[in-house]
Amino acid sequence: MSIEVIGITKLYGNQKALNKISFTIDKPEIVGFLGPNGAGKSTMMKILTTYLKATSGSAKINGFNVNNNPKRVQQSVGYLPEHNPLYTELYVREYLNFNANIYNVTKEHIDEVIELTGLTPEAHKKIGQLSKGYRQRVGLACALLHNPDVLILDEPTTGLDPNQLVDIRHLIKQIGKTKTVFLSTHIMQEVEAMCDRVIIINKGEIVADNNLKDLRKEKEQTVIVEFDYRVEDTFLLALPKVDRVVNIHDFVYEITFNTSEDMRSHVFDFAYDNQLKILQLNQKNASLESLFRDLTKN
Ligand code: ADP
Ligand code: MG
């Protein structure tokens, strides 16, 4: 069992940040821990990495209990904290050497990790000279140094530009082929891009735990359409298999259908029959987004 969480509650003073959280991850896969800011994601991750003690409940990493066996937990887990503190004055290789000493890691293994995280061209630079994307790679390299089975990444893609985002996602997916990766994010698209499974947390409680495959199969589909003129919402409800219509802004409508069949041609025919012009027509994968919105509404 890679990660096992049994009834974890965490109080800060009398504020309950986590309320009886339980879940298990028992195979190498990428699991997204999705929730709005303040939901309790970082708190959960700090407990799993032994940086914080839970108020009650227990958790195990690779079978080692975070309360009774913190050393073995730390050996089993690589952690990229949310605000990863890096020594900007150190050179990349120097920083990794420094951390490697703590774990008795060989020099060959440091080279392997540098290679794996794509740091080779930057390894001779000072950390302070690196872009945010490369700094995240240094953080990932550091988390991988002692070759842990489980990686815990707290908002690994926050603050990256679109190109860096694609690179880091790719790297994390690569790592997820052989290790259990538990990563937090408040951005639903990150989960869609990287994860096999999503656990959604809101106000310290787990509100969903699904495989992405199952979510994609769900029989619902949303189309975004922009007309050249205002249309009554009720008018659009005449479309076949329509479930709901939302006028997002101006002449842009979000139409949700009770079917996985591509409904864009029906929208097109509808517009034609009613002398409307379509300025844009896009399909979006609504299931995860609407699930997230519904579950974290208040
Ligand atoms: P997330 O990572 O999902 O944004 P956090 O785990 O950081 O959420 O925070 C969960 C809740 O606990 C928030 O309401 C936050 O303000 C509170 N919190 C986090 N850390 C502390 C702390 N050290 N002391 C008091 N409250 C905290
Ligand atoms: Mg956080």
Side-chain angles (χ1 to χ4, degrees), residues 3-25 30-61 66-67 70 73-74 77-86 132-133 135-140 142-143 150-161 164-165 168-169 172 175-176 180-195 197-210 212 288-289 291-298:
I3 299 181
E4 189 178 6
V5 177
I6 310 152
I8 290 270
T9 292
K10 175 70 188 178
L11 293 166
Y12 292 113
N14 48 24
Q15 191 203 341
K16 205 175 260 184
L18 296 174
N19 189 13
K20 299 197 192 96
I21 300 273
S22 298
F23 63 90
T24 57
I25 303 174
I30 305 181
V31 180
F33 196 36
L34 176 66
N37 288 320
K41 303 181 296 296
S42 296
T43 300
M44 187 69 241
M45 291 183 147
K46 285 176 193 161
I47 291 169
L48 289 176
T49 50
T50 76
Y51 279 80
L52 264 184
K53 274 213 171 327
T55 306
S56 60
S58 73
K60 289 178 188 167
I61 304 273
V66 291
N67 296 319
V73 170
Q74 287 158 19
V77 64
Y79 177 39
L80 177 67
E82 187 172 20
H83 305 290
N84 191 24
L86 293 169
K132 168 93 181 157
R135 286 186 199 202
Q136 277 308 67
R137 287 172 196 247
V138 175
L140 272 174
C142 201
V150 178
L151 269 188
I152 294 187
L153 312 177
D154 198 353
E155 309 243 359
T157 55
T158 297
L160 301 183
D161 74 30
Q164 295 167 344
L165 200 65
I168 293 286
R169 281 176 180 172
I172 291 172
I175 295 167
T180 296
V181 179
F182 186 53
L183 69 88
S184 73
T185 176
H186 60 279
I187 303 160
M188 189 272 309
Q189 286 84 351
E190 290 302 292
V191 172
E192 289 205 297
M194 282 184 284
C195 300
R197 173 177 158 197
V198 61
I199 297 175
I200 303 182
I201 181 172
N202 189 39
K203 293 183 179 160
E205 301 200 7
I206 290 188
V207 291
D209 184 345
N210 294 90
L212 267 279
L288 180 56
E289 187 172 322
L291 178 72
F292 184 47
R293 221 177 12 220
D294 290 350
L295 294 174
T296 58
K297 234 183 306 208
N298 39 51

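Order of listing sets the numbers, starting from 1, for every ligand and every atom in it.
For N37, every N, O or S atom stays at 2.8 Å or more from the Mg ion (ligand 2).
Judged by distance alone, the side chain of T185 and the main-chain N or O of L34 form no donor-acceptor pair under 3.5 Å. A donor-acceptor distance shorter than 3.5 angstrom exists from the side chain of T55 to the backbone of L11, with no hydrogens or angles considered. The main-chain N or O of T157 is never found under 3.5 Å from a side-chain atom of Q136 such that the two would form a donor-acceptor pair.
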Quick one, F23 with V31, criterion side-chain contact (heavy atoms from CB on, under 4.5 Å). Give me CA distance, side-chain angles, the key distance, then yes/no.
CA-CA 11 Å; F23 63 90; V31 180; over 6 Å; no
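Protein neighbours of ligand 1 below 4.0 Å, counting non-hydrogen atoms: Y12, Q15, A17, P36, N37, G38, A39, G40, K41, S42, T43.
For the pair E190 and L165, the minimum side-chain heavy-atom distance is below 4.5 Å.
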Report all side-chain donor-acceptor pairs from residues 77-84 shorter than 3.5 Å, counting only partners two or more places apart or in another chain.
{"unit_1": "E82", "atom_1": "OE1", "unit_2": "S42", "atom_2": "OG", "d": "2.9"}

